[in-house]
S.K.: 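Dropping the structure in here first, questions after.
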Protein chains: 2
Amino acid sequence: MNKVFDALSHPIRREVLELLKSGGMTAGDLADRFPVSKPTMSGHFAKLKEAGLIQGENRRGSVVYTINMSTLEEALHGFMGRVGIGSAPDAVSQRDGLNGKEST
Amino acid sequence: MNKVFDALSHPIRREVLELLKSGGMTAGDLADRFPVSKPTMSGHFAKLKEAGLIQGENRRGSVVYTINMSTLEEALHGFMGRVGIGSAPDAVSQRDGLNGKEST
DNA sequence: GAATCATTTAGGCATTTAGCTAAATACCTA
DNA sequence: TAGGTATTTAGCTAAATGCCTAAATGATTC
């Protein structure tokens, strides 16, 4: 949760998630959409990955990143619940399933 | 929106919002709940205020902070909409309406 | 194996952040 | 006005962040 909100604090990282919402993209294609260098983007990907918000898969010499919606939903709905915002909690159910890092 | 997510990136600041969800609290009472100095807390309040998430009102020698739910809801629901999370906007009940800033 | 493309790591620099103590300000009460 | 409480500002340090270029790694193809 801490790591998720930390990752969400940078506008580029939030935009990356928006781009990934409709499907996977390679690191290079993602990087081309932002006015910073590829190494800088690589750092942003690392932070998103560390938060469990995306994952990368090697495909023919490229890395395809995909969003991890459940981590994002869990964090946002969880926080909204705590501050008393109606948040459609029907998706919050899964808890330790597939990607529940957040340990570090 | 940038400022809201920036403000939400620190766990103390998120907890402050949780504490304020059920009513206003003085800066001192809030500060007593966290293991950092009062000046440090004052800095956190300033950041929350700058993001439009809280406001302070002077009352008898103290400052009572209250949460600004609409700013928080607008930012969270706005982002959730962009990443395609069902955000149940029916719960956006406009508690005290009339402060749709977000001029960031 | 060599060339090439894609991505990450390394190293460096400037800025921001989070924390502290000490001091200043503001506000209330006697 | 003086004293006391509440909060913020000032000034500092240490660490983290965000960015860069250059180099290293990995994977593909010839």
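Every chain is numbered from 1, with letters handed out A, B, ... down the list of sequences. Not measured: the values here are computed from a predicted model.
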S.K.: For A/Leu20, run the side-chain contact (heavy atoms from CB on, under 4.5 Å) check against A/Thr66, A/Leu53, A/Ile54 and tell me which one passes.
M.R.: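 The option that passes is A/Ile54.
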S.K.: Starting from P on D/dT9, measure out to NZ on B/Lys49 and report it in whole angstrom.
M.R.: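 My rounded result for the distance is 7 Å.
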S.K.: Would you say D/dC20 has OP1 or OP2 under 4.0 Å from some side-chain N or O of A/Thr40?
M.R.: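 Affirmative; the distance criterion is met.
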S.K.: Phosphate oxygens OP1/OP2 of C/dG19: is one of them under 4.0 Å from a side-chain N or O of B/His10?
M.R.: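 Yes, B/His10 has a side-chain N/O under 4.0 Å of OP1/OP2 on C/dG19.
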S.K.: Where the side chain of B/Arg60 is defined as all heavy atoms beyond and including C-beta, which of D/dT8, C/dT29, C/dT8 is the nearest nucleotide?
M.R.: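 Output: C/dT29.
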S.K.: How close or far is atom P of D/dA15 from atom CG of A/Asp6, stated in whole angstroms?
M.R.: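 About 18 Å, once rounded to whole Å.
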S.K.: Among D/dT8, C/dG19, C/dT7, which nucleotide sits nearest the side chain of B/Ser42?
M.R.: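 Nearest to the side-chain atoms of B/Ser42, counting from C-beta on, is D/dT8.
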S.K.: Ignoring hydrogens and geometry, is there a side-chain-to-backbone donor-acceptor pair from A/Arg13 to A/Leu8 under 3.5 Å?
M.R.: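 Judged by distance alone, no pair lies under 3.5 Å.
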S.K.: With sugar-phosphate meaning primed atoms plus P, OP1 and OP2, does A/Asp29 contact a base, only sugar-phosphate, or nothing at under 4.0 Å between heavy atoms?
M.R.: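 Contact class for A/Asp29: none.
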S.K.: Would you indicate, yes or no, if C/dT8 has its OP1 or OP2 atom less than 4.0 angstrom from a side-chain nitrogen or oxygen of A/Tyr65?
M.R.: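 Answer yes for this pair, as a side-chain N or O of A/Tyr65 is under 4.0 Å from OP1 or OP2.
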S.K.: Round to the nearest Å and state the distance from B/Phe34 atom CZ to C/dG19 atom C1'.
M.R.: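 To the nearest whole Å, that distance equals 15 Å.
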S.K.: Choose from C/dT9, C/dA18, D/dT8 the nucleotide whose nearest atom is closest to any side-chain atom of A/Pro39.
M.R.: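 Of C/dT9, C/dA18, D/dT8, C/dT9 is nearest to the side chain of A/Pro39.
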S.K.: Would you mind telling me which residue lines up with the more 5' stretch of DNA chain C, B/Gly61 or B/Val36, judged by nearest nucleotide?
M.R.: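 Nearer the 5' end of the strand: B/Val36.
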S.K.: Please state how far atom CG in B/Asn58 lies from atom C1' in C/dC27, giving the value in whole angstrom units.
M.R.: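 Taking atom C1' of C/dC27 as the reference, CG of B/Asn58 is at 8 Å.
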S.K.: Considering every strand and a 4.0 Å limit on heavy-atom distances, what is the contact class for A/Arg59: base, sugar-phosphate, or nothing?
M.R.: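 It contacts nothing in the nucleic acid.
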S.K.: Once rounded to the nearest 0.5 Å, what's the spacing between atom OG1 of B/Thr71 and atom CD of B/Gln55?
M.R.: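 B/Thr71 OG1 to B/Gln55 CD: 8.0 Å, rounded to 0.5 Å.
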S.K.: Whole angstroms only, please: what is the CG-C1' distance between A/Asp32 and C/dC5?
M.R.: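 To the nearest whole Å, that distance equals 13 Å.
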S.K.: If two hydrophobic side chains count as joined below 4.5 Å and joins carry through other members, does A/Ile67 share a cluster with A/Leu19?
M.R.: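 As far as the 4.5 Å side-chain criterion goes, A/Leu19 and A/Ile67 are connected within one cluster.
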S.K.: Mind telling me whether B/Phe79 and B/Phe5 have parallel, tilted or perpendicular rings, with 30° and 60° as the class edges?
M.R.: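 Correct class here is perpendicular.
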S.K.: What is the distance, to the nearest angstrom, from the CE atom on B/Met41 to the C1' atom on C/dG19?
M.R.: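 Nearest whole value for this atom pair: 13 Å.
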S.K.: Let me know, please, whether A/Arg13 or B/Ala46 comes out on the 5' side of the other along DNA chain D by nearest nucleotide.
M.R.: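 Going by which nucleotide is closer to the 5' end, it is B/Ala46.
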S.K.: Within the structure, does a side-chain N or O atom of B/His44 lie under 4.0 Å from either OP1 or OP2 of C/dT17?
M.R.: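 So the side chain of B/His44 is outside the cut-off, no N or O lying under 4.0 Å from OP1 or OP2 of C/dT17.
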S.K.: Mind calculating the distance between CZ (B/Phe45) and P (D/dA6) to the nearest angstrom?
M.R.: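 In whole Å, D/dA6 P and B/Phe45 CZ are 14 Å from each other.
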S.K.: Counting only side-chain nitrogens and oxygens, does B/Ser37 get under 4.0 Å of the OP1 or OP2 atom of C/dC20?
M.R.: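 So the side-chain polar atoms of B/Ser37 do come within 4.0 Å of the phosphate oxygens OP1 or OP2 of C/dC20, strictly under.
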S.K.: OP1 or OP2 of D/dT17 sitting under 4.0 Å from any side-chain N/O of A/Lys47?
M.R.: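 So the side chain of A/Lys47 is within the cut-off, an N or O lying under 4.0 Å from OP1 or OP2 of D/dT17.
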S.K.: Nearest whole angstrom, please: distance from the C1' of D/dT7 to the CG of B/Leu48.
M.R.: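 B/Leu48 atom CG is separated from D/dT7 atom C1' by 16 Å.
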S.K.: Look at the side-chain N and O atoms of B/Ser62 and state whether any lies under 4.0 Å from the OP1 or OP2 oxygen of D/dT7.
M.R.: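 B/Ser62 to D/dT7 OP1/OP2: side-chain N or O found under 4.0 Å.
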S.K.: Whether the side chain of B/Lys21 engages the backbone of A/Arg82 through a donor-acceptor N/O pair (distance < 3.5 Å, no angle test) should be reported.
M.R.: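 Judged by distance alone, yes, a pair lies under 3.5 Å.
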